[in-house]
Amino acid sequence: MTATALRYAVFGNPIAHSRSPFIHQMFAAQEGVAITYDKILSHNDHFTADVHQFFAQGGLGANVTVPFKELVLTLATQISERATAAGAANTLHRLPDGKLLADNTDGIGLITDLKRLQVALRNSRILVLGAGGAARGILPALLSEQPASLTIANRSHDKAQQLAQHFDVAALPFDTLPAGGFDLIINATAAGLSDQALPLNANIFSQCQLAYDAFYAAQPTAFMHQAEQGGAAQTADGLGMLVEQAAAAYQLWRNFTPQTAPVLTALRNAIKL
Ligand code: NDP
């Protein structure tokens, strides 16, 4: 008799570039189980039907990426506290009674990676650049670390203002960010996708202990270069966050805690190829 496959997947559009199968297959190898983990290209018009079909056919869990992180909340039967706080989810988990739980592991993924990089969060002055899905996902987690201040800045300032109002934090336009005003600066914009630096004064990085780009690439990103030139003490890209958010999803699905360090090393080598 053939064992039933343990089926997982990631939904997105585009999705071809996704590294999630690589990561989850390494986690499964650590656990000593065989899983399938597919990339599913979906579309707003049939996303709900695609997800229901996947779970009706035995799917156990799924990741959800751009542009479905908000839409997915409409089809879940339960929404975790952190997905509710973020207003977005990146993980679906089929509960034993067949119901679908939507969760958001982006925030915990970022925090775990920031702790790996040994950055102090409590009482720190944090700047988050961007006001899209990634920013929404990470803001509740950052706030729960009790920073001294949290400021949002975004290309479209009205969006930063809306988000700042929702989370009861400050919003400033890019060109009014104070010199030396931040210990931790997180780039959660999509500017990296087009290899663009942000229109920021270099002096905002002068007291920055860590400039963290949620985007990642084979080489240091444009934002990392910009931050280094402005005097940031340390820079990092978001590959560690990617692995950690995946680990939190895997833990939810399988109640198994993967070791992330070897997966991050392997993935770093793989993206250089
Ligand atoms: P969204 O499309 O939801 O949001 C995009 C944000 O980027 C908006 O705030 C937008 O500003 C801003 N933006 C886009 N282009 C530019 C530009 N050229 N200059 C300045 N601002 C720009 O995307 P997400 O929030 O989902 O993703 C943002 C980034 O985070 C992506 O690079 C993604 O790869 C990364 N990410 C990484 C994760 C990880 O695990 N490492 C997890 C999730 C996301 P405006 O409002 O003005 O349009």
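For ligands, and for the atoms within them, numbers begin at 1 and follow the listed sequence.
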With the criterion set at N/O pairs under 3.5 Å, what does the list of contacts between the protein and ligand 1 look like, atom names and distances included?
unit_1: ligand 1; atom_1: 3 (O); unit_2: Gly133; atom_2: N; d: 2.9
unit_1: ligand 1; atom_1: 7 (O); unit_2: Ala190; atom_2: N; d: 2.8
unit_1: ligand 1; atom_1: 9 (O); unit_2: Ala131; atom_2: N; d: 2.9
unit_1: ligand 1; atom_1: 9 (O); unit_2: Asn154; atom_2: OD1; d: 2.7
unit_1: ligand 1; atom_1: 11 (O); unit_2: Asn154; atom_2: OD1; d: 3.2
unit_1: ligand 1; atom_1: 18 (N); unit_2: Gln196; atom_2: OE1; d: 2.6
unit_1: ligand 1; atom_1: 25 (O); unit_2: Gly133; atom_2: N; d: 3.1
unit_1: ligand 1; atom_1: 25 (O); unit_2: Ala134; atom_2: N; d: 2.7
unit_1: ligand 1; atom_1: 32 (O); unit_2: Thr189; atom_2: O; d: 3.4
unit_1: ligand 1; atom_1: 40 (O); unit_2: Leu242; atom_2: N; d: 3.4
unit_1: ligand 1; atom_1: 41 (N); unit_2: Ala214; atom_2: O; d: 2.9
unit_1: ligand 1; atom_1: 41 (N); unit_2: Gly238; atom_2: O; d: 2.9
unit_1: ligand 1; atom_1: 46 (O); unit_2: Asn154; atom_2: ND2; d: 2.8
unit_1: ligand 1; atom_1: 46 (O); unit_2: Lys159; atom_2: NZ; d: 2.9
unit_1: ligand 1; atom_1: 47 (O); unit_2: Arg155; atom_2: NE; d: 3.0
unit_1: ligand 1; atom_1: 47 (O); unit_2: Ser156; atom_2: N; d: 3.0
unit_1: ligand 1; atom_1: 47 (O); unit_2: Ser156; atom_2: OG; d: 2.5
unit_1: ligand 1; atom_1: 48 (O); unit_2: Arg155; atom_2: NH2; d: 2.9

*asked:* Quick one about Thr221 and Asp213 (side-chain donor to acceptor, distance below 3.5 Å, no hydrogens or angles considered), yes or no?
replied: yes
*Test side chain to side chain donor-acceptor pair (under 3.5 Å) on Asn63 and Tyr37 and set out the steps.*
CA-CA 10 Å; Asn63 290 123; Tyr37 188 105; 2.5 Å; yes
*asked:* Restricting to non-hydrogen atoms, name the atom on Tyr250 and the atom on Ala28 that form the minimum distance, rounded to 0.1 Å.
replied: OH-CA, 3.1 Å
*asked:* On a heavy-atom basis, which atom in Ala86 and which in Asn104 lie closest, and how many Å separate them?
replied: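 In this case the closest contact between Ala86 and Asn104 is CB-ND2, 3.6 Å.
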*Val119 and Tyr212: side-chain contact (heavy atoms from CB on, under 4.5 Å), yes or no, with the steps?*
CA-CA 11 Å; Val119 61; Tyr212 189 95; over 6 Å; no
*Among residues two or more places apart or on two chains, list those pairs meeting salt bridge (charged side-chain N to carboxylate O under 4.0 Å, His left out) that have a residue in residues 110-127.*
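Listed by first then second residue: Asp113-Arg116, Lys115-Glu145, Arg125-Asp183.
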